[in-house]
Amino acid sequence: MWWHVEDWGEWPDAGYMPEDIALEMIDKAVALYREQQPQEIGPGHTEWTDHVLRAWSDDRLGTQPATVLLGIDGDELEKRAIERDLPLNSYHELAKASEAYGRALAAEMAPFNFPAKYDEKEREILRLWGMGTLSTDQASRFLSMRPEDMPAQARFLGIPAPNEQNEKD
């Protein structure tokens, strides 16, 4: 594997590049490739593991391809990167954090035995929120909905929001 990366543009214009600039950058990359004459590194090469780990660490290779190429699991991949003082792949870290959040959220929701179907679950969460059984923060997390959007969604479904429930009593 060989790569050359250059920064281009500022948001939101980074997605467009004039053809002449694109061709200049391609020509530059080709020239650098030829100058460096990279050796082909494959599974039998002594630097293969380090090469794959660096590519993974630099976010140029995903976790799944890296684990397949090295014949190891994600935990071992992390361990080997850390042993070499390489930063962990940022997408890998985001995925792990997301999985941990999902597990924690599922554990927090489990005692409520919400219905499996989303529309039924949404109604039940909003109903419990309207009754004050769930806090706004909990209901917002359970629904992946902004707190400020919840009253309108509850009204749409015919469920009184907490402050509306008190007014009717």
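What you see is a predicted model; the values in this text were computed from it and never measured. Sequence positions, counted from 1, serve as the residue numbers for this chain.
- No more than 12 heavy atoms of other residues, nucleotides or ligands sit less than 6.0 Å from atom CZ of F156.
- Residues V68 and I72 do not share a hydrophobic cluster, defined by chaining ILVMFWY side chains whose heavy atoms lie under 4.5 Å apart.
- Going from atom CE of M131 over to atom CD1 of I159 covers 11.5 Å, rounded to the nearest 0.5 Å.
- With contacts defined as side-chain heavy-atom distances shorter than 4.5 Å, the pair E6/M25 qualifies.
- Once rounded to the nearest 0.5 Å, the distance linking CG of L134 with CD of E108 reads 9.0 Å.
- No donor-acceptor pair closer than 3.5 Å links the side chain of S57 to the backbone N or O of N89.
- Interatomic distance, CG of L77 versus CG of L88, reported as 8.5 Å (0.5 Å rounding).
- If you chain together hydrophobic residues whose side chains sit under 4.5 Å apart, W48 and L61 fall into the same group.
- A continuous path of ILVMFWY side-chain contacts below 4.5 Å connects L86 to I82, so both sit in one hydrophobic cluster.
- Expressed to the nearest 0.5 Å, how far CG of D27 lies from CG of L32 amounts to 11.0 Å.
- F142 is not listed as a side-chain neighbour of L128, based on a closest heavy-atom distance of 4.5 Å or more.
- S90 and D59 make their closest contact through OG-OD2, 2.6 Å (heavy atoms, listed as atom of the first residue, atom of the second, distance).
- By the salt bridge (charged side-chain N to carboxylate O under 4.0 Å, His left out) test, E93 is found to be paired with no residue, residues two or more places apart in sequence or in another chain being considered.
- Shortest non-hydrogen contact noted between A139 and M150 is CB-CE, 3.7 Å.
- The backbone N or O of D73 lies less than 3.5 Å from no partner atom in the side chain of T67, so there is not a single donor-acceptor pair.
- Pairing each heavy atom of P65 with each of G62, the nearest pair is CD-O, 3.3 Å.
- Environment of CD in E47: sparse, with no more than 12 heavy atoms of neighbouring residues, nucleotides or ligands closer than 6.0 Å.
- Formation of a donor-acceptor pair under 3.5 Å by the W129 side chain with backbone atoms of D137 is not found in this model.
- Residue V5 is not grouped with residue Y16 when hydrophobic side chains (ILVMFWY) are merged at heavy-atom distances under 4.5 angstrom, including chains of intermediate members.
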Test R80 against V52 for side-chain contact (heavy atoms from CB on, under 4.5 Å), laying out the working first. CA-CA 11 Å; R80 291 184 186 187; V52 172; over 6 Å; no
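- I125 contributes atom CD1, which lies 9.0 Å from atom CE of M145 (distance to the nearest 0.5 angstrom).
- Applying the ring-ring contact (aromatic ring centres under 6.0 Å, His included) test to Y101 and every residue at least two apart in sequence or in another chain returns nothing.
- The heavy-atom pair separating P115 from E124 by the smallest distance is CD-CB, 4.3 Å.
- Taking NE2 of H92 as the start and CH2 of W56 as the end, the distance is 4.5 Å to the nearest 0.5 Å.
- Contact check on K28 versus E24 returns no salt bridge, with no Lys/Arg side-chain nitrogen under 4.0 Å from an Asp/Glu carboxylate oxygen.
- L53 and Y91 sit in two unconnected hydrophobic clusters of ILVMFWY residues. Membership requires side-chain heavy atoms under 4.5 Å apart, directly or through other members.
- Counting only heavy atoms from C-beta outward, the side chains of D75 and K79 never approach each other to under 4.5 Å.
- The closest side-chain heavy-atom distance from R127 to L157 is not below 4.5 Å.
- Counted within 6.0 Å of CD on E83, heavy atoms from surrounding residues, nucleotides or ligands total more than 12; the atom is thus considered enclosed.
- Judged as a salt bridge (charged side-chain N to carboxylate O under 4.0 Å, His left out), and not counting sequence neighbours, E19 has no contacts.
- A salt bridge does not link E120 with R123: none of the charged nitrogens is closer than 4.0 Å to a carboxylate oxygen.
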